[in-house]
Amino acid sequence: KLSPLPKRAKRTYLAMDKDKEVIGYVIPVFRWAEFRKKMNPDNLTHRPEFIVKPRGQTVWEGKTVKLHCTVAGWPKPKIAWYKNNVLIDAKAHPEKYTVESNYNMHSLEIKNCDFFDTAQYHISALNVKGESSCVATIVVKRQGLHLKTWVFKFSFFCTDGFCAEHGVTFETTIIDKFEVAFGSEGETLSLGCTVIIFPTVKRYQPDVVWYRNSVPLKPSKWVHTHWSGERATLTLVHLNKEDEGLYTLRINTKSGFETYSAYVFVRDAEVEVEGVPVAPLDVRCHDANKDYVVVTWKQPAVEGSSAILGYYIDRCEVGTHHWAQCNDNPVKYARFPVTGLVEGRSYIFRVRAVNSAGVSRPSRVSEPVVAMDPSDRARLRAGPSAPWTGMIKFTEEEPTVGVVPGEPSDVMVTEATKSYVVLAWKPPVQRGHEGVMYYIEKCMSGTDTWQRVNTAMPVKSPRFALFDLAEGKSYSFRVRCCNSAGVGEPSVSTGEITVADKLDLPSAPGNPVATRNTDTSVVVSWGASKGVTQLVGYYIDCSVVGTDVWMPCNNKPVKQTRFVCHGLTTGVNYVFRIKAVNAAGYSQSSPNSDAVVVKAAICECPHQNSFPVFTFSVLLIDNSSGVLLGARPRRRLKHCVPKEHEPNEHLVWLQRPVPGKPTGVTLLEAVKDYMVLGWTEPANNGGADIRGYFVDYRTVKGNIVGKWHEMNLKALTTTTFKAENLKENVFYEFQVRAVNMAGVSKGSVPSAPLECKEWTITVPGAPVGLHVLEVRDTSVVVLWEPPLFDGRSPVNGYYLDIKEASAGEEGWKAVHEKTNKMKYMKVTGLKAGTSYVFRVRAQNIAGVGKPSATLGPILAQTRPGTKDIYVDVDDDGVISMVFECSEMKEGSEFVWSKNYQAITDTSRLTITHERGKSRAIFNSPSLDDLGTFSCVVTNTDGISSSYTLTEEGLKRLLDISHDHKFPVIPFKNEMAMELLEKGRVRFWTQVEKCTSACQVDYVFNDVIITQGKKYTMNFDKSTGIIEMFMDSLEVTDEGTFTFNLVDGKAKGTTSLVLIGDEFRELQKKSEFARAEWVRKQGPHFVEYLDFTVTPQCDVLLKCKISKKDAGIYEVFLSDDRGKDKSTFNLTDAVSMSSYFYFFPSANSSSEIQVTSTEHGIILYSMVTHYNEDLRVGWLHKYRVKSGVTGEQLWLKINEPTEKDKGKYTMDIFDGKDGVKRVFDLTGKDRARVVGGLPDVVAIQEGKSLNLTGNVWGDPAPEVSWTKNEKALVSDEHLMLKFEHGKFASITITAVTTSDSGKYALLVKNKYGAEAGEFTVSVYNPEDEEKEEKKD
């Protein structure tokens, strides 16, 4: 029941600022003009306009600059800042940019400006009415000329700024500099430099500032700074991994500044327990509220002897020494919400990592954080309040008591992992003057029941973390507010949220490349992880070649994709690998880099104490992307003093040879004001990859030529260029220069004078960029690029021409008849040792264009030692392509491509390199991977190979992969059943091979059964025979019997189903056999009473008994007339002996005969007078199986082989006499198909098919044919023959598509049977042509 609404006082209004704080009362004044505007809002809306525009500024390097502007517009416009048309993300780079927007006043602050901040800065204002923008230019000046490149960095002496205050120009020199330093956790490390400032001015001291990773350091208990007037010192107390980074000393004077930088590495302290992880680092607190805070940290570089299982978070109230663990179970994410804090108290936090070996040492503690409302914290940071200039809102005053709070709004899930879910919301508008608290409710998907989560105590913060949720389940959440008046209505539900990790692990970084730097350092660069979110950084590991011990190069993750690894041993061979880290954990390690020997790069610094004038090439390369920005050839620089380079910059003095000259500068297309040029790359690259080209031009008028001018300031990466802004009908000459890391080559031979006028031809231009790969004795792959001029319609194909190099122009001939739509072609049928030249022509609808420049001569010869790509499937079923190269040089790399194009979808393949071998691993093989994969080894003489993956080949590889992943134990025989004497049942099978570790589970109706009274099991691992015996079959034994085998990774299963009539028939036979055995344990008839009629028409009654059944036998005869009885006494032992003497059992046995079954051969002999005293023994050197069934003495040979040939002897002994029966299997062969039949036959419809299979067997086998498992009969269309006992043939005249199918030749004799199978596929060429036209 709801409480009645309180009576309200007269209507009053409050003035409130943006934070909803009451600032006074307002008396409303009704104005008709404002009222009309409100009624017609279109009169108020207007597009943004700049009242005050940002102004361009020029600042010194290292200073901070701020751009201001004022924007009007309604609705309120959205503001965005751009640098050179690239959006500025201030949140992603808070150390560099700060963006503020207050009351239509907007500003962009750029901190610690450097040369690269020189740019045009745009501000864009956008609302529904339109968009406006303004631009301002920032110019950052340096105190001296400072050329920073990826290749090297120089500074040049210049005149610093004059200080008018003191009347001098201060010159700063830093000497006695600190080097790259190494320390361990817990140690104290000092860095220092001596600073000389000239001239000396009394009472003047420079400003000394220390930076770590470009962030100014402030004195604290961990950081101590000291300036003595001559020496600047930085002391790091109790080192932690957070202290690792690039340290910079900056000396600011009134004439400028001077800096020096070096890297400090912090190694992990020794672990107390071997194998445990090292401590996490960089523990921080975020989103602190009244009773809630989010703790984050970074994973350590070393996980220990096993992977990190999770982390424990500890908290400690400031002023105490009691640490309390916040989580019972380790959390995997490097982020954890801590709840249950006490409002107004300060806390510090630390984190420990745990793996299977134990728990690490705790991290360095976080900065203290106060549990309080964020708005209160903001007011405390802001200091005294300024005069109010906010917005006035009219609202009714809420009563101070008795009002139930309203609904919270914007309830959302801010974090979701499989361990916890974090909710956030906005407080209600209607909440009175007293504080509100919150209850959180959850509802599982598929139900309508809402459960309160925090039943014991409501929370004070608009944040809450829910634990103990079922992983993989979906929940909805909502929030209620409460105060002293009661509990309010629930908020809107969040909708269903699945409890699972929302953040994926990073993908593996790209292949690392290691290059030499100094005698103790190596530069490592790599490709960034693709598609990673919330990247923390990268860890670099190194290992000495030949060992498997990996050591971290950095203990604090770095975000750039280039790092200098210091502290290495000179002359030792190292390999490197990279792994990425985000809050979810570590990525897979990248492939190992190629090995690199640690020694100084190309040469020592050429300058001496005196500064000579020397000539070299300057390359400008972007630090982050490695893109060549520009080059200047052969500049003369005086007084060159190399400054100390930063650890992540490669300092190389270039003395390698520059490339050779490009050749063949030709015109590819011409329009009124531009021409497109093409050329061929130089034959000699100078020992380093070509990084680009520069094009020069000059005008030609008659015999007068002008001066050469540069056309492009940024190096070109292709061998074509569009020369723009030319004059129509003017002649030009062009030359091209190539550039590598050593410098710029000489110019090519100038082109012929080319007139700039528009082409009117309709056919395409000439293709460009011809080159060859995979040169072999009889084949070569030719590749090219499309023409730059398509003509009047797009290019729709190409023609490749070839001729021998020694032939004349009339020797050209086309390689193919139909157009080739690809930009490559494999040419086959070449003569080994012959040189060839090639050219390509492009075609469009209008016709075929001019041929390209000729390529060659190319010698058709396979290089010695050339290897081809081969496919490998490892024991885990991983499919990969492998290419090996024994001629790797320094700088050589394996480059893979698909269909001769760069592989852009890196999710399909993982490429690894190791010691002259490259492996391309299929991540998830599918039809998307079909195509031609090629691999080229750079910086070699064209070593390359390719492999074409077809659909059929993929299916075969997937089958092999499945067999390797899930190997199957092969069975010689599937499970079979035999009925033994006494009614016992034997289930058995035999495997082809197994190890001693092979295990068997005996299963009945999915339940494992064990040896006992009912079941007897036996597994002979030497023969592979598995047996299970049952004494009898009962009604409950109906079902499926299974043997499950496990042999390492291999598994095997064989089953036998006994149900229905088959089971009941077997059960009857078993019961009968057991009853017979029981009957025969006492006196019994061997043959029951029967009668025969003699030739004299007498009726002779007879029966058969065994010798041990002596006794008195009576015969009763009766009918309607009466009855009679006859008695026969066989109790006399003498008479029994004499009786049985005349009927010896052994002599009644027949000669051994042979018969064949589907499993093998049975040798047997029939006994006319069988009794239990008969003893039978078989003599043969190989193990076989023998037994007696009724009056048949038999021996079974399963799957007979050559070893089973020989003489078999059966000894029969009946107590008095003995007989030997001998059978010779020597020279006897089971029927076999020994050859002549293919696996697959493809034949055109209408043709005749004749196949002959060679068969063998002694005696000659019986032959039959089947199609799709149905017997075939000879007729006019299909003729079957069997000649000379050896040749079986099948002839099909005028085949049709209905003759397609699976055929088999079946042969059989008494020693065994076999089938030779093959498939016939009949095709119609007309149907195939129709399908090609459709394609």
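Hydrogens, waters and symmetry mates are skipped; everything else that's a heavy atom, side chains included, is used. Owing to the predicted nature of the structure, the values given are computational and were not obtained by experimental measurement.
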More than 12 foreign heavy atoms under 6.0 Å from OH of Y870: is that the case here?
yes
Subject >> D1006 atom CG, neighbour heavy-atom count above 12 within 6.0 Å >> reply: no
Once rounded to the nearest 0.5 Å, what's the spacing between atom [atom1] of [X] and atom [atom2] of [Y]?
X     : Y     : atom1 : atom2 : result
L1058 : F1004 : CG    : CZ    : 9.0 Å
Y1015 : F1029 : OH    : CZ    : 14.5 Å
E1151 : M1210 : CD    : CE    : 8.5 Å
E1245 : S1300 : CD    : OG    : 8.5 Å
K1051 : C998  : NZ    : SG    : 12.5 Å
I1243 : I1292 : CD1   : CD1   : 8.0 Å

For residues 1030-1043, the salt bridge (charged side-chain N to carboxylate O under 4.0 Å, His left out) pairs (sequence neighbours left out) are R984-D1031, K1014-D1037
Under 3.5 Å: donor-acceptor pair, side chain of [X], backbone of [Y]:
X     : Y     : answer
S1150 : S1165 : no
T1297 : V1322 : no
T989  : N973  : yes
N1005 : G1039 : no
D1047 : T995  : yes
H964  : V878  : no
K1286 : V1255 : no
K1308 : E1314 : no
Q1011 : M1017 : yes

Practice task
Using a strict cut-off of less than 4.0 Å between a Lys/Arg side-chain nitrogen and an Asp/Glu carboxylate oxygen, indicate whether D1061 and K1068 qualify as a salt bridge.
Solution key: no
Can you name the closest pair of heavy atoms from [X] and [Y] and give their distance?
X     : Y     : value
E1062 : V1057 : OE1-O, 4.0 Å
F1318 : V1320 : CE1-CG2, 3.8 Å
H1277 : D1275 : N-OD1, 3.1 Å
Q1067 : V1035 : NE2-N, 3.6 Å
V985  : F987  : CG1-CE1, 3.7 Å
K1021 : S996  : NZ-O, 2.7 Å

Using the side chain to side chain donor-acceptor pair (under 3.5 Å) criterion, which residues pair with [X]? Sequence neighbours excluded.
X     : answer
N1250 : T1291
S1321 : none
R986  : E978, E1027

- Going through the distances and angles, do L1066 and L1033 end up as a side chain to side chain contact (heavy atoms under 4.5 Å, CB included)? CA-CA 8 Å; L1066 179 63; L1033 282 179; 3.5 Å; yes
For residues 1261-1270, run the donor-acceptor check on the side chains, cut-off 3.5 Å, and write out each pair with its distance to 0.1 Å, sequence neighbours left out.
unit_1, atom_1, unit_2, atom_2, d
K1267, NZ, S1298, O, 2.7
N1268, OD1, K1302, N, 3.0

>> Test side chain to side chain contact (heavy atoms under 4.5 Å, CB included) on L1100 and V1093; report intermediate values, then the result.
In response: CA-CA 6 Å; L1100 178 64; V1093 180; over 6 Å; no
Between N1044 and the options D1001, T1054, T1053, the side-chain hydrogen bond (donor to acceptor under 3.5 Å, both in side chains) test singles out T1053
Would I1009 and M1028 satisfy side chain to side chain contact (heavy atoms under 4.5 Å, CB included), going step by step from the backbone distance to the final call? CA-CA 11 Å; I1009 55 180; M1028 184 178 75; 3.6 Å; yes
Exercise. Going through the distances and angles, do Y1303 and I1290 end up as a side chain to side chain contact (heavy atoms under 4.5 Å, CB included)?
Worked result: CA-CA 10 Å; Y1303 289 75; I1290 179 172; 4.2 Å; yes
Discussion item. Within the 4.5 Å heavy-atom criterion, are L1045 and V991 side-chain neighbours or not?
Written reply: yes
With a 4.5 Å limit on heavy-atom distance, are the side chains of T1319 and D1239 in contact? no
Check: Run the side chain to side chain donor-acceptor pair (under 3.5 Å) check on S1055 and T1042 step by step: do they pass?
Finding: CA-CA 4 Å; S1055 298; T1042 304; 2.9 Å; yes
Which of P925, S926, S924 passes side-chain contact (heavy atoms from CB on, under 4.5 Å) with F922? It is P925
Sorted by chain and residue number, the salt bridge (charged side-chain N to carboxylate O under 4.0 Å, His left out) partners of D929 (sequence neighbours excluded) come out as R908
Check: Less than 6.0 Å separating the ring centroids of Y1002 and F1043?
Finding: yes
